[in-house]
Amino acid sequence: VYTPTKSMYNPVPFGQPTLNSVYTRMVHGRMGSAGGSEGFDEVSDGIHMHDEVKVRLPDVLDGSYFLEFSLHSLQMDGGESGIAAPELVCETFIPLSSSSAKEPVTKERVVTIIPNGVHRIKLGSFQLLVESRLVSSIHSSDPGVSMMLRDFNNSSQADDSHKLPSTICRVMKNASGQAVVTHFQTLFYLHMHNLLNNGPPELPFKESRRFFSDSERGLNKVKH
């Protein structure tokens with residue numbers, strides 16, 4: 001049992017701004033003029049979803065959030081109304097996040113969201129191709145950036161070794177450059193918040209050298 005949330009942005013300029021579901025038409029099995037099977041190759045390779053659907057993500061992700069994909073068959077009524085009678089063919093559920101990802105430097109488990117790219121979703125005998133693109137300042141598919149967004153706000157006050165400045169630099173160095181650039185404003189804000197509220201960290205000389213060295217390499221990575 002689950003409760004649908006109104007997280008889908010309405011694709012039309014009227015009605016409610018957010019909806020709990022949206023529908024799109026997918027045509028397949030189109031016969032060619034010479035009686036060929038034009039379009040059936042597309043079904044076997046995967047049906048592309050051409051419509052764009054924007055989803056408002058929850059502020060905190062956990063295993064209770066997922067996307068539901070349902071496939072309905074429509075047959076036009078033979079009567080004068082011509083109303084289509086939808087019939088559910090199959091459905092599947094795709095988790096929005098994963099809690100099994102590990103940050104490679106600290107080995108910390110973090111929650112990451114579905115990565116960008118084309119995903120193959122099995123719907124009965126059909127295969128739906130859906131491309132996802134993340135636009136968020138608080139969620140990331142990169143484990144390192146996800147850990148920083150989760151822990152960085154209290155990093156200077158924590159005693160955990162994985163929150164030391166040198167460790168943070170190594171985490172950022174191993175993170176995806178694209179993910180760091182995408183969340184640069186948020187990471188910079190958290191860094192300045194720590195600096196202004198907690199002051200600079202007290203580091204021994206050896207730790208300070210490693211911190212600034214890793215910081216310089218990290219900045220060079222972002223530039224390139």
Using links of under 4.5 Å between side-chain heavy atoms of ILVMFWY residues, direct or through other members, which residues join L129 in one cluster?
V118
[X] side chain near [Y] side chain, heavy-atom distance below 4.5 Å:
{"X": "L149", "Y": "L187", "result": "yes"}
{"X": "P95", "Y": "F93", "result": "no"}
{"X": "T24", "Y": "M49", "result": "yes"}
{"X": "I47", "Y": "Q127", "result": "no"}
{"X": "L96", "Y": "I114", "result": "yes"}
{"X": "L128", "Y": "R120", "result": "no"}
{"X": "M147", "Y": "T106", "result": "yes"}
{"X": "I113", "Y": "L57", "result": "yes"}

Smallest separation among heavy atoms of [X] and [Y], with atom names:
{"X": "F66", "Y": "S64", "answer": "CD2-O, 3.7 Å"}
{"X": "H72", "Y": "P86", "answer": "ND1-CB, 4.4 Å"}
{"X": "S97", "Y": "D62", "answer": "OG-O, 3.3 Å"}
{"X": "A175", "Y": "V145", "answer": "CB-CG2, 4.1 Å"}
{"X": "N20", "Y": "M8", "answer": "C-CG, 4.3 Å"}
{"X": "P58", "Y": "L61", "answer": "CG-CD2, 3.5 Å"}

Atom pair CG (L123) and OG (S70), whose distance is rounded to the nearest 0.5 Å
8.0 Å
Nearest-0.5 Å distance, OG of residue S141 to CD of residue Q178
10.0 Å
Any side-chain to backbone donor/acceptor pair from [X] onto [Y]? Under 3.5 Å, distance only.
{"X": "T18", "Y": "Y9", "value": "no"}
{"X": "D142", "Y": "S176", "value": "yes"}
{"X": "N10", "Y": "Q16", "value": "yes"}

Side chain to side chain contact (heavy atoms under 4.5 Å, CB included) for L71 and E91? Distances and angles first, verdict last.
CA-CA 6 Å; L71 182 64; E91 61 183 359; over 6 Å; no
Flag yes if more than 12 heavy atoms outside K6 fall under 6.0 Å of its NZ atom; otherwise flag no.
no
What about [X] and [Y], same hydrophobic cluster or not, with Ile/Leu/Val/Met/Phe/Trp/Tyr joined at side-chain heavy-atom distances under 4.5 Å?
{"X": "V180", "Y": "I138", "value": "no"}
{"X": "L134", "Y": "V55", "value": "yes"}
{"X": "Y23", "Y": "I121", "value": "no"}

Scan for side-chain hydrogen bond (donor to acceptor under 3.5 Å, both in side chains) pairs involving residues 131-140, sequence neighbours excluded, and state none if there are none.
H119-S132
Assess whether side chain to side chain contact (heavy atoms under 4.5 Å, CB included) is satisfied between F69 and I94, documenting all intermediate values.
CA-CA 8 Å; F69 290 87; I94 307 298; 3.9 Å; yes
Look at E103 together with R109 and state whether they make a salt bridge at an N to O cut-off of under 4.0 Å.
no
Parallel, tilted or perpendicular: ring planes of F184 versus F188, cut at 30 and 60 degrees
parallel
